[in-house]
Structures are given as structure tokens and as C-alpha cells.
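Down below is the structure, laid out as C-alpha cells.
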Amino acid sequence: MKRRGFTLIEVLVAGAILVTVLTVAIRYFASTAELGRETQAKSELQDRVRMVMQVVTGDLQMAGARYWNSGNQNRAFSLPLPPLSGSDGGPKDTLTLYYVTSLRDLASACRRVDYGFDGDTLRRSDVNASPSSGSDCTPPSPNLQPLAEGMLALDIQYQCSDGSRKDTPDCGTDAYPRSAKVTVAGYSLTPVTNPGPASLTTVTGKTLACPQGRACYALTQEVLMPNLKPLPTP
């Protein structure tokens with residue numbers, strides 16, 4: 001029996017089926033890759049915002065701490081006054097604070113920490129304010145370095161001991177900042193197809209416009225600041 005080859009129609013049909021299968025496969029893998037890229041971009045954004053929140057709230061919680069302890073060694077420092085200051089920059093506030101930490105040796109226990117913005121880059125400075133002698137911390141110059149890019153807000157509202165709320169840590173002569181509500185917001189560094197909400201709102205009511213084509217994410221958290229309570233006068 002003579003073997004018959006494929007007809008032209010059969011070849012064309014097989015080719016069309018192959019092209020269809022390849023097209024579907026390419027679209028599937030492209031969609032999967034895009035979904036993975038978007039998931040990674042949003043995950044990186046959330047990790048960045050959480051990292052900033054953790055660092056800022058940790059510094060605020062330490063603001064005003066003045067005691068250094070190591071074993072049987074104890075030292076009380078005098079901090080520059082006020083130990084916490086800052087300005088209301090709309091959604092982008094600035095901070096300057098002093099504290100003493102026992103996690104460092106005595107020669108570098110007193111710290112000056114500053115926060116500021118350069119465009120959408122949040123910058124932080126942590127410099128040694130320990131004195132060369134004595135027990136009074138010195139106010140050195142800050143050395144701001146990038147902490148996180150793509151940041152829309154570091155917005156802080158202070159709860160004063162007299163019940164008032166302030167956008168700066170200045171509670172007046174008869175009160176002190178007892179706690180702070182902090183909003184940290186940022187956007188993805190790469191474009192995404194499904195960005196989510198077009199705007200966010202901070203703790204002080206500021207509206208943030210999310211850059212077009214970017215995912216945005218915000219966290220708000222309250223932190224107690226027990227070390228800012230004035231020392232009793234003898």
C-alpha cells in the first residue's frame with residue numbers, strides 16, 4: 001500500500017492549531033510574569049513603609065531617654081532642650097530628637113537623630129552627641145543620609161498631656177507630648193497595571209495623590225513617648 005502524505009489543508013490546520021496553542025501559552029506566561037512583578041513591587045512597597053514606620057516609632061519612643069546603664073555602671077545625661085522638636089511640613093514633617101541608649105558604649109551613648117525630605121526621599125541622620133567629658137549631651141551637626149525612596153508622607157500628630165493635639169511637638173510650657181500618631185506613606189518604585197486607590201489620607205487629614213500608574217500604601221500607628229515627661233523639680 002502506498003503511504004499518503006499530509007494534504008495542504010491538513011498542514012494549514014495543524015499550523016493554525018500550533019499557533020493558537022503557542023499564543024495562549026505566551027499570553028499565560030506573560031500574564032503570570034506580570035502578576036509576579038506587580039506582586040513583588042507591592043510587597044517591596046509594604047516592606048519599605050513598614051521599615052520606615054519601625055525606625056521612626058522606635059526613635060520617637062526613645063526621645064528624651066537620659067539614662068545609661070551597663071552592669072553596675074549608671075550615668076544620667078543632660079539632654080539639649082527641647083529633646084524633641086520638629087516642623088509641620090504638611091504631609092512631610094521634620095524631626096530632631098535626642099536620647100541616650102544603653103545599647104552603645106558610654107562614649108557614643110547619647111544620640112542626635114534627624115529626619116527630613118529631599119523630594120520623595122526620606123532622609124535620616126543618627127550622629128554621636130556624647131560629650132568628651134562631663135554628662136551633658138552636645139548638639140552636633142546632622143548628617144542626613146537616604147533612608148527610603150518613594151515616600152509620600154511622614155505625618156505626625158502629637159497628643160499633649162493637657163489633652164490637646166498638635167502638628168508639632170510644641171505643647172506649650174504647661175504640657176508635654178505624651179504620644180504621637182504617625183502616618184507613613186509611599187508608592188511603588190516601578191509602574192503597576194492595577195495600582196489601587198488614587199489617593200490616601202494621613203493622620204492630620206492631608207490628602208496624598210498617588211502617582212499615576214504606581215501602587216500606594218500607608219500605615220498609621222500610635223507610639224507612646226514616656227521619656228518626655230518633665231523630671232520633678234527638687
Side-chain angles (χ1 to χ4, degrees), residues 44 46-87 89 92-118 121-151 154-161 168-171 175-184 186 219 221-234:
E44 184 278 332
Q46 294 178 8
D47 289 344
R48 180 159 32 94
V49 170
R50 291 192 184 106
M51 178 274 293
V52 171
M53 177 66 80
Q54 183 177 9
V55 174
V56 171
T57 55
D59 284 333
L60 285 171
Q61 191 172 36
M62 287 294 295
R66 63 190 73 230
Y67 296 102
W68 179 85
N69 303 283
S70 179
N72 60 356
Q73 300 182 65
N74 301 284
R75 177 73 66 87
F77 287 78
S78 295
L79 303 178
L81 296 177
L84 173 63
S85 60
S87 64
K92 295 180 177 180
D93 293 349
T94 65
L95 278 178
T96 298
L97 57 92
Y98 292 87
Y99 62 79
V100 174
T101 173
S102 299
L103 297 178
R104 294 179 179 263
D105 58 33
L106 187 60
S108 58
C110 190
R111 314 303 301 176
R112 171 178 173 165
V113 177
D114 293 81
Y115 287 89
F117 279 87
D118 180 9
T121 298
L122 178 62
R123 305 172 74 200
R124 179 179 183 267
S125 170
D126 181 357
V127 295
N128 185 13
S130 298
S132 56
S133 62
S135 58
D136 293 333
C137 295
T138 58
S141 299
N143 180 26
L144 290 167
Q145 300 294 327
L147 176 64
E149 297 179 281
M151 303 307 298
L154 172 58
D155 197 18
I156 307 175
Q157 183 181 75
Y158 300 90
Q159 178 73 45
C160 299
S161 58
T168 67
D170 182 10
C171 290
Y176 62 91
R178 189 167 54 192
S179 67
K181 285 187 176 180
V182 183
T183 295
V184 175
L219 278 179
Q221 182 173 319
E222 185 171 13
V223 55
L224 298 178
M225 299 185 292
N227 301 302
L228 292 178
K229 185 176 182 178
L231 295 175
T233 55

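In what follows, every heavy atom counts, from backbone to side chain, and hydrogens, waters and symmetry copies are set aside.
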Taking side chain as C-beta onward, heavy atoms only, is Ser125 less than 4.5 Å from Arg112? no

May I ask you to test the Leu79-Val100 pair for a side-chain heavy-atom distance under 4.5 Å? yes

NZ of Lys181 to CD of Gln221: how many Å apart, nearest 0.5 Å? 12.0 Å

Provide the closest heavy-atom pair for Pro83 versus Gly64 in the form atom of the first, atom of the second, distance. CB-CA, 4.0 Å

Taken to the nearest 0.5 Å, the spacing of Ser78 OG from Tyr98 OH works out to 13.5 Å

Side chain to side chain, Tyr115 and Val55, heavy atoms closer than 4.5 Å: yes

Does a side chain donor of either Glu222 or Ser179 reach within less than 3.5 Å of an acceptor in the other side chain? yes

Least distance between heavy atoms, Leu106 atom then Arg75 atom: CD2-NH2, 3.7 Å

Closest heavy-atom pair, Ala63 versus Leu228, reported as atoms and distance to 0.1 Å, is O-CD2, 3.6 Å

Write down the atom of Tyr99, the atom of Met62, and the distance for their closest heavy-atom approach. CB-O, 3.0 Å

At their closest point, which heavy atom of Ala107 faces which heavy atom of Ser130, and how far apart are they? O-CB, 3.1 Å

If you round to the nearest 0.5 Å, how far is CD of Gln159 from CG of Leu224? 10.5 Å

Does any non-hydrogen side-chain atom of Asp59 lie less than 4.5 Å from one of Leu95? no

For a side chain to side chain contact (heavy atoms under 4.5 Å, CB included) with Cys171, tell me which candidate from Pro82, Ser161, Pro177 qualifies. Pro177

Arg104 vs Arg111 side-chain heavy atoms within contact, under 4.5 Å: yes

Going by atom types only, do Asp155 and Gln157 share a side-chain donor-acceptor pair under 3.5 Å? no

Do other residues, nucleotides or ligands put more than 12 heavy atoms under 6.0 Å from the CD atom of Gln54? no

Got a second to check how far Asn128's CG is from Thr138's OG1, nearest 0.5 Å? 7.5 Å

Going by heavy atoms in the side chains, are Pro142 and Val127 under 4.5 Å from each other? no

If you compare all heavy atoms of Leu144 against all heavy atoms of Asp114, which two are closest, and at what distance to 0.1 Å? CD2-O, 3.7 Å

Which residues pass the side-chain hydrogen bond (donor to acceptor under 3.5 Å, both in side chains) test with Thr57, not counting sequence neighbours? none

For Met51 and Leu147: C-alpha separation, side-chain torsions, deciding distance, then whether side chain to side chain contact (heavy atoms under 4.5 Å, CB included) applies. CA-CA 9 Å; Met51 178 274 293; Leu147 176 64; 4.0 Å; yes

Compare all side-chain heavy atoms of Glu149 with those of Thr121 and state whether any distance is below 4.5 angstrom. yes

How many angstroms lie between atom CD of Gln73 and atom OG of Ser102, to the nearest 0.5 angstrom? 10.5 Å

Out of curiosity, Arg123 CZ to Met151 CE, how far, rounded to the nearest 0.5 Å? 15.0 Å

Given side chain to side chain contact (heavy atoms under 4.5 Å, CB included), test Thr168 with Asp93 step by step and report yes or no. CA-CA 9 Å; Thr168 67; Asp93 293 349; over 6 Å; no

Any non-hydrogen side-chain atom of Val113 less than 4.5 Å from a side-chain atom of Arg124? yes

